[in-house]
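Reminder, nothing fancy here: chain letters follow the sequence lines and each chain counts from 1.
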Amino acid sequence: MKLGPLDPGEFAALHLIAVRIGRLSEARIAAARLVIQEGKTYKYAAELHHVTAQAVWNTVARMNALLSAYREAKTLEAAEAGTRPKRGQPRPRTAQKKTGAP
Amino acid sequence: MSKKSTKPAGANIFAGAIEGLGDSVSAFFTDDEAQQFPVALDLIDMRPQIRTELEDEDNPLPELAASIKAVGVISPIFLRRKGERYELIAGERRVRAAQMAGLDAIPAMVRDLTDQQAEDIQAAENIQRKNLTNMELARRLQKDLEQLGSIDAVMAKRNKSRSWVSKILSLNKLPEQTQRLVTEGVTADLAIISDVRQIEARDPFVAKELVDDLKRNFGKGDSREKVQRVRARIKPAANKAKAARHDLGELYAQARTGDAKAIAAALTPEQKKACEELREYFEQGCNAAKAGRAVFEGFDSRVFGTAGAGALRLAAFLRGVDAGQSGRFQLAEILRLVQSA
């Protein structure tokens, strides 16, 4: 999945989430960042951070999936903000139904 | 609901030829001044169109051309005179299909129109078409849902988000006045449709007046703003959930710039109440067996977000994941997490 370049803000947010939900080590995330953000090869990133290329590949795949969900949420929020006067304020969500689980 | 339902049986092959002709378009041409006669195709100039897509999934151009070749063009196109030539106002697909079918001339209604009138007609036609397209799409998605059995399968088939699918599907269940926005070609704006639906749920009479007003004053002023004003007037000042989201939104804005500890210590009573919701997400995070899945589902259902109340909920959940089962809810920690993102 190709999602285009990651800006630093996105990376910070993703890092926060990924490190918790994926139980990913800092080394794996740093290696994945090199691949996603700087276009380095898996092999190069793996060697630099002393992890396996397979581990980098797995981490990149998870980060990409997360980035995709994150960007979708961001796009929808921006679209709603365009129709509502103030950012950060409640917006009607006709499709949303709060369930027990997040 | 749409013009299709009024067509005689057997007229379906002309669906593409007739489709897109809103009431407002025909109204300009159904008076004594309009003349109908065949016009040579090479005398017709195309006016720049708002519409960029000429293809129709249900009735592709080659099929329309084939039906025109077989039985001719049933519904006239709309033109205005430009010196010795004519300018196309509505019916570009029919013109292109007629060219494709090798016709020399096409039946047309001709009227003298100003530039402004011509633009208005094109705009009306586009709104009508967009509405019909959305309604048709909604019906198609409903069929998909019945066949495939789940929203997830429909999302996969259409390669669209849950939110998009639910927005379009909701068009199938529009109440009377809201449906008029679509069927009478008033607007194709989903934000307006959604707001009018909410107004109608509270007061159908006000909704009727609003839709009449929007229809009467088509193109004048900001319709979204008008609808939002009515919606704000008619909605109760604040319901619980709305107030909580509002308070969390404010708290998020404060947390982005202020000192987490100080903010947590100086909460308003409303914010304190709203923070109970965060405690709930924190606890879910503490006990989450599959935190990753919960985050994806949270983004998907839009309980979690990248800013505002959604971001705070997400931070509370993640803080819970950090803390584990014996974790203790501390708002300042959650606010710090928001600051660091």
Side-chain angles (χ1 to χ4, degrees), chain A residues 1 3 6-24 26 28-29 32 58-102, chain B residues 161-163 165-167 169-170 189-192 194-195 197-198 224 228 231 235 238 241-250 252-253 281 284-285 288 290-311 313-315 317-319 321-322 337 340-341:
Chain A
M1 191 185 341
L3 287 163
L6 205 64
D7 70 45
E10 281 178 328
F11 182 75
L14 243 56
H15 183 182
L16 269 180
I17 303 171
V19 79
R20 287 167 175 86
I21 66 172
R23 315 271 181 212
L24 300 171
E26 290 292 346
R28 276 185 176 208
I29 291 182
N58 287 340
T59 310
V60 167
R62 289 160 91 168
M63 297 277 277
N64 271 340
L66 188 58
L67 177 62
S68 169
Y70 183 86
R71 282 190 176 163
E72 189 187 301
K74 204 169 178 179
T75 305
L76 291 173
E77 283 163 15
E80 277 186 343
T83 65
R84 305 284 174 247
K86 288 177 192 167
R87 189 179 171 83
Q89 287 209 342
R91 317 197 190 292
R93 290 173 181 173
T94 51
Q96 180 187 328
K97 226 176 194 176
K98 196 184 144 191
T99 55
Chain B
S161 70
R162 186 178 300 276
S163 144
V165 169
S166 81
K167 221 177 242 178
L169 274 177
S170 69
D189 187 328
L190 287 177
I192 293 182
S194 162
D195 283 349
R197 180 168 38 187
Q198 289 179 43
R224 273 191 182 185
Q228 279 173 9
R231 189 174 145 263
K235 275 200 104 181
K242 182 179 171 183
R245 280 203 303 274
H246 177 74
D247 294 326
L248 287 181
E250 272 184 356
Y252 172 82
Y281 289 104
Q284 282 179 19
K290 290 181 177 171
R293 193 174 171 172
V295 167
F296 280 102
E297 284 177 3
F299 274 132
D300 211 24
S301 62
R302 308 188 60 201
V303 168
F304 292 161
T306 66
R313 291 190 204 108
L314 175 59
F317 179 83
L318 292 175
R319 189 69 202 110
V321 173
D322 264 348
L337 203 56
S340 61

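- Across all their heavy atoms, A:L16 and B:L318 have their closest contact at O-CD1, 4.4 Å.
- Evaluation of the side chain to side chain contact (heavy atoms under 4.5 Å, CB included) rule for A:F11 yields A:L6, A:H15, A:I29, A:R33, A:Q37, A:M63 as partners, not counting sequence neighbours.
- Closest of all the heavy-atom pairs between A:R20 and B:V321 is O-CG1, 3.8 Å.
- With sequence neighbours left out, B:R319 forms a side-chain hydrogen bond (donor to acceptor under 3.5 Å, both in side chains) with B:D322.
- Across all non-hydrogen atoms, the minimal contact from B:F296 to A:A65 is CE2-O, 3.3 Å.
- Between A:I17 and B:F299, some side-chain heavy-atom pair lies under the 4.5 Å cut-off.
- Of the atoms belonging to B:L337, heavy atoms from both backbone and side chain fall under 4.5 Å from chain A.
- Between chain A and the options B:G305, B:A253, B:A288, the largest number of non-hydrogen pairs under 4.5 Å is found for B:G305.
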